[in-house]
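To keep things clear, I will list the structure first and then write my remarks on it.
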Amino acid sequence: MTTAKTNGQTEEKITALYCRLSVDDDNKDMESNSILNQRQILSDFARKEGYTNTMFFVDDGVSGTTFQRPSFQRMEKMAENGEIGTIIVKDLSRFGREQVEMGRLTQVVYPSLGIRFIAIQERVDTLTGDGVEMMPFHNIFNEWYAAQTSKKIRAVWQSKAEHGERVSSTVPYGYRKSEENPKQWVIDEPAAEVVRKIYALCLAGRGPSQIARQLEEEQVLVPSAYYESIGRKHAQKAPANPYAWDQKTVVGILENRQYTGCAVNFKTTTVSYKVHKTIYKPKEEYQIIPDMQEAIISEEQWLRVQELREHRRRPTKTGRTSLFSGLVYCPDCGAKLHFSAAKSMTWNQEHFRCANYKSGRGNCTIHYIRDVVLERIVLEAVSDLADFVRCYEPVFLYMLAKKNSAMRQKEYRRLQQAMENGTRRIAEIDRLIERVFEQNAAGILSDERFALMLKKYEQEQKELTAEVAESRKTLQSAEQQAVDLRLILRTLREMTDIKELTPTLVNSLIERIEVHNNDKYDGHCHVKVDVYFTAVGMIDIPTEKEIRAMMEEIRNNPQDFKFVA
């Protein structure tokens, strides 16, 4: 029994009874190692051995490969303060599954602190020396078990993904698990309405922090507070202010592709089974499984929001912005046109000018245009295009096909096949390289031949990797264009008599605006403005005669004007 003297009196130190259970333990282990079972075994042992001043420390659902566990850390702090005299565990694996730290604690730290360590199952007792010589071997085996368990779990994830199943069990805000089938997500309508509102505000030109402030002003419950209000379990901490939206939460919602109805697997990984630091994988390595649940946001809307967020717009010092901020460019130097709005200016004096003009000291000319003038020009361009599409949609699609703005179906299939073949060959080369290494190590393949083959394989793999990456980029561009085309067509079809432009309309339809430098003639200053529409580019509305000619060609050769979309 370990005691300590305090003020001339003997005080018995605490006997720490430590329990741990990991979610990674298999079903059989979970039954034998349940917290309840460990508590019972430790209580019986302590009573039998005469330990009375006992205290339980429990970590439930924490891996043994890390020692950053809440109760374990609390126990360690008390041990360092001299409050603990003995630590008892059911078995060494419950204490931990990392051999280096296990050895340091049980063979260096605890003896230095005068702490007795007991593992009941392995009959380890550092005071008597029983089982101490075998402890390193037990620790090695326990760590090996953790490594194998990690491999099994990863294999299960991979298998699920290969069979078109969702890997992550985390249900995003806006969805909930179906009562009939927990693997299926269904729309949680009150939360989904907030998600739709967030996307609509983004399309209207609002940034994440602005959206967060508006939601707070409108007293919309944050996700964790909403879950609390409906009695739904969650892992998030509810804030003191249930309406205090954080811009990071808004960004997470805006970037979550699962709102389009798909599943996104393998977004993150960890360094290893020992190091649990989250590593975010590149988007190219995500696995996207479409049509896994009902969509809250359309694919077109989600992609357009991602484009807008890549070109973030910042307000001026006055807080005023233009509908076209971030969309206006100089065709000569390629820079964006700077929006000027001073307190001394009236609304019809606000203007754009080239960012490289710098009051005549820069390397470009002014490229000046007033915001109200630009709005009239863009409104006219949008109205003309909407009227044209509503009346002559086949001709519109014909013109796009003539411009090669969408990839032809045959070329699309060719690139897709080339990418699949290249990916398979890259994996095959990995296996071939592994085989020649084995043959060289076994003496079957000479060093010279091995070096020659390895160089050949690595060169082929390098070239294939570059080709696959280029094909994937081209395909993604074509798919993005097809999605953008569907979005712009749907928007234009729904438009009737446009009286004014809105941020949502501009962000949905306009990709880029180029303002040329002014040209003076006829006693007037003329400014040429090029409006580039999303997925369409710059388009000139044809005359009636040109429309009739194009419609005749469409009737004669309909197969030539099909889109991937």
Side-chain angles (χ1 to χ4, degrees), residues 1-64 66-99 101-139 141-142 145:
M1 204 72 62
T2 308
T3 58
K5 288 188 176 180
T6 307
N7 297 327
Q9 294 183 347
T10 300
E11 182 181 297
E12 184 182 349
K13 287 189 177 183
I14 293 168
T15 297
L17 307 179
Y18 183 73
C19 312
R20 182 192 65 81
L21 183 65
S22 169
V23 292
D24 294 342
D25 291 319
D26 58 36
N27 291 333
K28 184 179 177 181
D29 263 2
M30 286 184 73
E31 185 178 345
S32 61
N33 286 321
S34 68
I35 296 298
L36 185 63
N37 186 52
Q38 290 180 63
R39 277 179 172 273
Q40 188 63 56
I41 291 171
L42 292 171
S43 294
D44 291 346
F45 182 86
R47 186 169 55 254
K48 181 181 176 183
E49 297 298 321
Y51 293 99
T52 54
N53 188 20
T54 60
M55 181 183 292
F56 276 100
F57 297 85
V58 180
D59 284 310
D60 197 357
V62 188
S63 172
T66 176
F67 285 87
Q68 300 303 312
R69 314 171 212 146
S71 289
F72 187 88
Q73 291 292 309
R74 184 164 59 91
M75 181 177 73
E76 286 297 283
K77 189 173 181 180
M78 291 176 67
E80 290 169 3
N81 292 337
E83 299 173 51
I84 292 176
T86 305
I87 296 175
I88 307 175
V89 295
K90 172 183 170 285
D91 59 68
L92 290 169
S93 70
R94 297 305 93 204
F95 189 68
R97 293 188 184 273
E98 206 286 315
Q99 57 163 328
E101 186 64 9
M102 288 277 291
R104 187 185 75 85
L105 289 170
T106 57
Q107 297 178 44
V108 179
V109 176
Y110 293 162
S112 300
L113 296 172
I115 295 174
R116 183 181 187 181
F117 178 81
I118 298 172
I120 299 171
Q121 188 166 299
E122 291 87 357
R123 297 182 180 178
V124 170
D125 189 333
T126 55
L127 181 64
T128 63
D130 292 343
V132 172
E133 68 282 352
M134 290 299 295
M135 192 159 47
F137 298 100
H138 289 301
N139 291 338
F141 179 80
N142 288 331
Y145 177 88

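Quick caveat: nothing in here was measured; it's all calculated off a predicted structure. We count residues from 1, following the sequence as given.
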Okay, side chain of Ser93, backbone of Asn142: is any donor-acceptor separation there less than 3.5 Å? no
For Asp59 and Ser71, the nearest pair of non-hydrogen atoms, with its separation, is OD1-N, 2.9 Å
Can you confirm whether Met78 sits close enough to Ile84 that some side-chain heavy atom of one is under 4.5 Å from a side-chain heavy atom of the other? yes
Can you tell if the side chain of Tyr51 reaches within under 4.5 Å of the side chain of Thr86, non-hydrogen atoms only? yes
Nearest heavy-atom pair of Ile115 and Thr126: which atoms, and what distance? O-OG1, 4.0 Å
When you compare the side chain of Val109 with that of Arg104, does any pair of heavy atoms fall below 4.5 Å? yes
Are the side chain of Ser34 and the backbone N or O of Asn37 linked by a donor-acceptor pair below 3.5 Å? yes
So CD of Glu80 and CD of Glu76: to nearest 0.5 Å the spacing works out to 6.5 Å
Test side-chain contact (heavy atoms from CB on, under 4.5 Å) applied to Arg39 and Val58, step by step: CA-CA 9 Å; Arg39 277 179 172 273; Val58 180; 3.7 Å; yes
Are the side chain of Gln38 and the backbone N or O of Arg20 linked by a donor-acceptor pair below 3.5 Å? yes
How long is the span from the OG1 atom in Thr128 to the CD1 atom in Ile118, to the nearest 0.5 Å? 8.0 Å
Starting at CZ of Arg94, measure out to CG of Leu42 and round the result to the nearest 0.5 Å. 11.5 Å
For Met102 and Thr106, the nearest pair of non-hydrogen atoms, with its separation, is O-OG1, 2.7 Å
Side-chain heavy-atom pair Asp125, Arg116 within 4.5 angstrom cut-off: yes
Does the side chain of Glu122 come within less than 4.5 Å of Asp91's, by heavy atoms? yes
Enter the distance from Leu105:CG to Ser112:OG here, rounded to the nearest 0.5 Å. 11.0 Å
Would you indicate whether Arg74, at its atom CZ, is surrounded by more than 12 heavy atoms from other residues, nucleotides or ligands within a distance under 6.0 Å? yes
N/O donor to acceptor pairs below 3.5 angstrom from side-chain atoms of residues 132-139, sequence neighbours left out:
residue: Asn139; atom: ND2; partner: Met135; partner atom: O; Å: 3.4

Determine the minimum heavy-atom distance between Ala79 and Leu113, stating which atoms define it. O-CD1, 3.9 Å
Please report the closest heavy-atom contact between Ser63 and Ser22, naming both atoms and the distance. CA-OG, 3.8 Å
Got a sec, which residues hit ring pair (Phe, Tyr, Trp, His ring centres under 6.0 Å) with Phe72, two or more places apart in sequence or on another chain? Tyr18, Phe67, Phe95
Would Met75 and Arg69 count as a side-chain contact (heavy atoms from CB on, under 4.5 Å) here? Give the steps. CA-CA 10 Å; Met75 181 177 73; Arg69 314 171 212 146; over 6 Å; no
List the steps and the verdict of side-chain contact (heavy atoms from CB on, under 4.5 Å) for Tyr110 and Ile87. CA-CA 9 Å; Tyr110 293 162; Ile87 296 175; 3.5 Å; yes
How long is the straight-line distance from CD of Glu83 back to NZ of Lys77, given to the nearest 0.5 Å? 9.5 Å
Should Phe57 and Val89 count as side-chain neighbours, where that means a heavy-atom distance under 4.5 Å? no
From Thr54 OG1 over to Glu12 CD, what is the distance, rounded to the nearest 0.5 angstrom? 9.0 Å
